[in-house]
Every structure is written in structure tokens, then in C-alpha cells.
There are 2 protein chains.
Amino acid sequence: MSAADQIFAMLKESSQSGAPLYLQLRKSIEEAVNRGLIGPGDALPSERDIASKADISRVTVRKAVQDLVKGGILVQRHGSGTFVAPRMERVEQSLSRLTSFTEDMARRGMSVRSVWLDRGLYAPSPDEMMVLGLSSTELVARVARLRVANDTPLAIERAAISASVLPDPEAIGSSLYAALGMTGNRPVRAVQRISATNLGDADARLLEVPPGVAGLHIERISYLASGKVIEFTRSVYRGDAYDFVAELRLTGPGEESRP
Amino acid sequence: MSAADQIFAMLKESSQSGAPLYLQLRKSIEEAVNRGLIGPGDALPSERDIASKADISRVTVRKAVQDLVKGGILVQRHGSGTFVAPRMERVEQSLSRLTSFTEDMARRGMSVRSVWLDRGLYAPSPDEMMVLGLSSTELVARVARLRVANDTPLAIERAAISASVLPDPEAIGSSLYAALGMTGNRPVRAVQRISATNLGDADARLLEVPPGVAGLHIERISYLASGKVIEFTRSVYRGDAYDFVAELRLTGPGEESRP
DNA sequence: CCGCGATAATACCAATAAAATACCAATAGC
DNA sequence: GCTATTGGTATTTTATTGGTATTATCGCGG
């Protein structure tokens, strides 16, 4: 059943309510978008299609669609069609600029230092093999450090890099990215996932909070220009002490060539 | 049976679907590559061959092929032919398409719906007065809803809007932003803060998890083009069920170290 | 009663995309 | 080099899409 059909089904269901036709239709479309039956970038059936299938005049359809265009949830292109507008959530991803830890701390006038927890070569875990594309005979370099601001521990950062790229973890200075860049392996893109977890005993002790307290769990995968995965980092932040700030911006209709 | 013939077979099968010819053809070629019928480095039949065998114009064939070239799946060499791109180039393509939460849910066939928890006018809290710039004699419209995916509660969303902008919260359809936009108060920018908290009793009960479990706490302030604050939303997501995904672009050499 | 707005229908205009035709330019093979 | 074959491009036609002006109808209040 196509998304378009679902709209019509919804329309018929909500029918005979006495309300103006264009309001019924507007609500049906609105819900279809809201439930994700038709996602951002997807095309609506043409005004004429909707009109004939719903057996109402095209101008009435148009009135409903126009309202939603004014409301910003639909976008129309003359000669082309009507499309679902990009959502806030969608724009978040592409345009968000997460302020970095050090930037943020510096702005607050806090001193930042790191304490090494671990630097060495290990046999890779299944996770690491998957993400970094390693075989079980290769080694992985693990780098773990505790981030401390104003003598308060704020985060634990654990990075995994293929040993072929970083054969000597001990040689890293203060910046992992500088070390990678010097061997010509500078990441140009990264994908981050943020979730929340209750801190385990070990991590809680390091961050000097009681076990079970909420923490931000962040996984980041960095890519080279070639598309190869270069680094895999898992960090845990104290939820009470750190805020991630993101600025979002809404833009015009995006280019979606592929359904 | 040659690889080329398989494409044509696939094309005929998928025919009469009403979709534009070049889309049908593009899909057929894409599938042939994905199934490995034609591997990296292999040559496609010439545009003219495809055109005559499929009995469509060469320009239409070209349109389909061009799209795949832009997508990095095919490579063309003038005077030589069209070839399937080496795999490395294609990895990035698939990875650069991040799926948002709602998109993800929709793709997995999950239904996303909302349950209203509250819609009404109230005397503003100190927080709300500060952020929205209200005086103590003005009212604030509060809109709260529970977001549910596949009968699993995922988030609680509480929005506060000045009553002068949204005098009748009951009249909101399924989308708050559409309601705001239709009155000419469409937000164009937003700032978000993400942190982690342990869920309180009330929120935990709504989200159907034990109290004290970690949750993502997101505060968002939306601005009009004029710079005026239009909306203030506080949301709590189940930490175990929601991932906030962000793509970062790392630019310029010698960037500062990141969190 | 009349006027006015909201609702809805009809008919026509304008922009765009889809597809076809004809011709140009680079490459491979001899 | 020449030539057949390949991709590259410009131009045009047609169908489909949204955009708009005009008119008819209903309901309600002056």
C-alpha cells in the first residue's frame, strides 16, 4: 500500500465529520507526515490526483495543501510537485555544530588537563574488528584518558585505532589527531551517536560520582577522505557536569534525487 | 546469459509500473551491480546498445546512467565506455546517508504516534518567564506529549509558547510547528542543549522504565527570523532507546583537540 | 432583505521535467 | 594518421505539475 493510498484511507475514515472538506484533508496529510508514512523529501501525489481520488475539487485540495505550505511542513515547486519539507530533526544532523570540549571549557575560564589511563597495543575486540575492518591477527592501538577540568573529572575517552596506522601509541603527545595527521591519516568526517547510560562501578569511580548516576555515552567513528574508517572512540561524560550545545538552522528545501 | 541481458530482463520485469522510464532503468542497473551480476571494473553495454535493446531513447538511458555516475556507482570514460566503479569509492556513499530517528523508525515499518499529556494555558514558571521574555501577568501555553513508537514510549516532550502567540493550544493539530507556522511564527533557528539525567518517578512511569534509569535531557529554544524567542521545549528521551546521531565535518589542518 | 465571508468549482496560464532528435568530441584499434 | 565506436551536449517537443483569475453556492448577521 502506497503512502498516497494511506492518505486517502485516512481521509475517508475521518470523513462525514461535518467539518469543511479542506480541513479534513489537511489533517489527513498532516498526520501522514507526522507518522512518517511520507518522510521529508518525499513527494505528495499531484493536486489533481488527490482531487480525483478523493472526489473533490482541485481548488479544495489546493487550499489544504497551501495551509500546510504556509505552516512550513510542505514545500511546492512549480511544474515539479509538492514535497514534504525537511524537518528540524533532519537539519540537526547536517548542520549541527557541536562545540568542542576544550572550546567550551576555555570559554568558561576552566583549565583543562588529561590523565592517561592506558596506551598500548592489544588484540582487537569483536566490536573493534567490525568497525575498523581488522582481521583477528592484526593489532589495535588503544588510547584511554581521563579529561579533567578544574580538578573535577569530566569524561573518560577511549579511542581505538588500527595498529598499522598508529604503531606506537606511547609516542602520542597531547593530541591524538595531531599524531594521526602527522602520518598522513587525517580524518575529514566523523559520525557521532549520543545516548544515555547509567555509569558502571569502574567508570563512576574514575569520574568521582556514585555508581548508577546518568552519563552521556558518545560513540564516534572518524573517516579519512577515502572513506576508510580511521578511528573509533567511545567516551563517557558526567551527565551532571557537561552539556552539549548544538545550534540548528532551518534551510530551504533540500535536494533529494533518490527516493 | 550475459550480464547485459540480465539488465534488460530486469528492466522488462519492472516495467509498466508507471514510474519514469529513466528511474526504472536506473533501478535495474543499480540492482544488477548490487547483486554482483556486473562487478567492479566491468563494462556496461554502450548507451546506444541499451537504448536500442530497451527500445527507449539514448538520452533517457543517459539520464539514468548519469545519476549513477553522480552517485559514484558507475564511472564513465569518454570514447571508451561506462564501467562499474571500484568498491572503495562507493563505501562513502552509503555511509554519508545518515538516517534520522523518525526516518529510521519509518523505514523499519514502525508506527510513530503521539499521545497528548497536556494542552492548556498557565501562569508561567520563572524559567519560562526568563526564556520567553514574559511578564508575570501574561500567560504561557504548555503543550506536552508522549512520543510512542510501536507501542513503546520513547520520549516526553514539553513545549512552552507565549500565550500571545498561541492563544488556543487545544486547536493544535498533530504538529506544533505547523500551527506556529500558519500564524506566521515559524522558527528559523534553534539552540539545543543535551545532557543526561536520572529519570524521576513520574517521567520513568510514563516511559515505562524503572526510576533512576538514565535519560537524555534535551532543551531547545527556537527563534524567529527577528531573533525573538518563540518556543522553549524540554524533552526527555529514554536513554536506552534513543540515539542522537550527528555528522561532523572536520575542516582545516591542525584543529584543536576534540572531546 | 441584503451583503459579506467562507467554501467550493471551472477554466485557463506558466513552469518544469521527461523524452526524443541531431550533432559534437574524445578514445581505441588498425 | 584514419575510422568506427564511445561518451558529451544543445535544442526541441510534449506531458505533467503547480499557479491564478473568475464564478457559483451556502450560511450567517446587519
Are OP1 or OP2 of dG19(D) and a side-chain N or O of Q66(A) less than 4.0 angstrom apart?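 For dG19(D), OP1/OP2 do have a side-chain N/O of Q66(A) under 4.0 Å.
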With a cut-off of less than 4.0 Å, is there a side-chain N or O of Q76(A) near OP1 or OP2 of dT17(D)?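 Checking dT17(D) against Q76(A), no side-chain N or O comes under 4.0 Å of OP1 or OP2.
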Taking atom types as they are modelled, is there a donor-acceptor pair under 3.5 Å from the base of dG7(D) to the side chain of R48(B)? yes
Is any side-chain N or O of R77(A) under 3.5 Å from a base N or O of dG19(D), one able to act as donor and the other as acceptor?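 By the distance-only test, no, there is no pair.
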Give the rounded distance in Å between these two atoms: [atom1] of [X] and [atom2] of [N].
| X | N | atom1 | atom2 | answer |
| --- | --- | --- | --- | --- |
| I56(B) | dT14(D) | CD1 | C1' | 17 Å |
| L74(A) | dG18(D) | CG | C1' | 13 Å |
| R58(A) | dG18(D) | CZ | C1' | 6 Å |
| L21(B) | dA15(D) | CG | P | 14 Å |

Heavy atoms of chain B, cut-off under 4.0 Å: which first and last nucleotide of DNA chain C, 5' to 3', fall inside that, if you could look?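 Here the contact window of chain B covers dA18(C) to dT27(C).
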Decide, yes or no, whether a salt bridge links R234(B) with D127(B) under the criterion of side-chain N to carboxylate O below 4.0 Å. yes
Salt-bridge contact R62(B)-D67(B) (side-chain N to carboxylate O under 4.0 Å):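 A salt bridge is absent here (no side-chain N lies under 4.0 Å from a carboxylate O).
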Along DNA chain C (nearest heavy atom to each residue), the more 5'-positioned of V59(A) and K63(A):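 Upstream on the strand: K63(A).
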Please tell me which of T60(A) and T60(B) maps to the more 5' nucleotide of DNA chain C, matching each residue to the nucleotide holding its nearest heavy atom. T60(A)
Going by atom types alone, do Q76(A) and T82(A) pair a side-chain donor with an acceptor below 3.5 Å?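 Yes, because at least one side-chain N or O of Q76(A) sits under 3.5 Å from a partner of the opposite role on T82(A).
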Would you tell me whether N185(A) and T183(A) have side-chain atoms, one donor and one acceptor, within less than 3.5 Å of each other?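 Judged by distance alone, the side chains do pair up.
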Do you know which two heavy atoms are closest between L134(B) and L139(B), and how far apart they sit?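 Heavy atoms only, the tightest pair is CD1-O, 4.0 Å.
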Would you verify whether the NZ or CZ of R220(B) falls within 45 degrees of the ring axis of F232(B) while also being under 6.0 Å from that six-membered ring's centre?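 Here R220(B) fails the 6.0 Å and 45° test against F232(B).
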Could you pick out which residue, S80(B) or R62(A), lies toward the 5' side of DNA chain D when each is mapped onto its nearest nucleotide? S80(B)
For side chain to side chain contact (heavy atoms under 4.5 Å, CB included), just list the numbers for R26(A) and L68(A), CA-CA rounded to whole Å, side-chain angles, deciding distance to a tenth of an Å, and then say yes or no. CA-CA 7 Å; R26(A) 187 174 86 187; L68(A) 295 173; 3.7 Å; yes
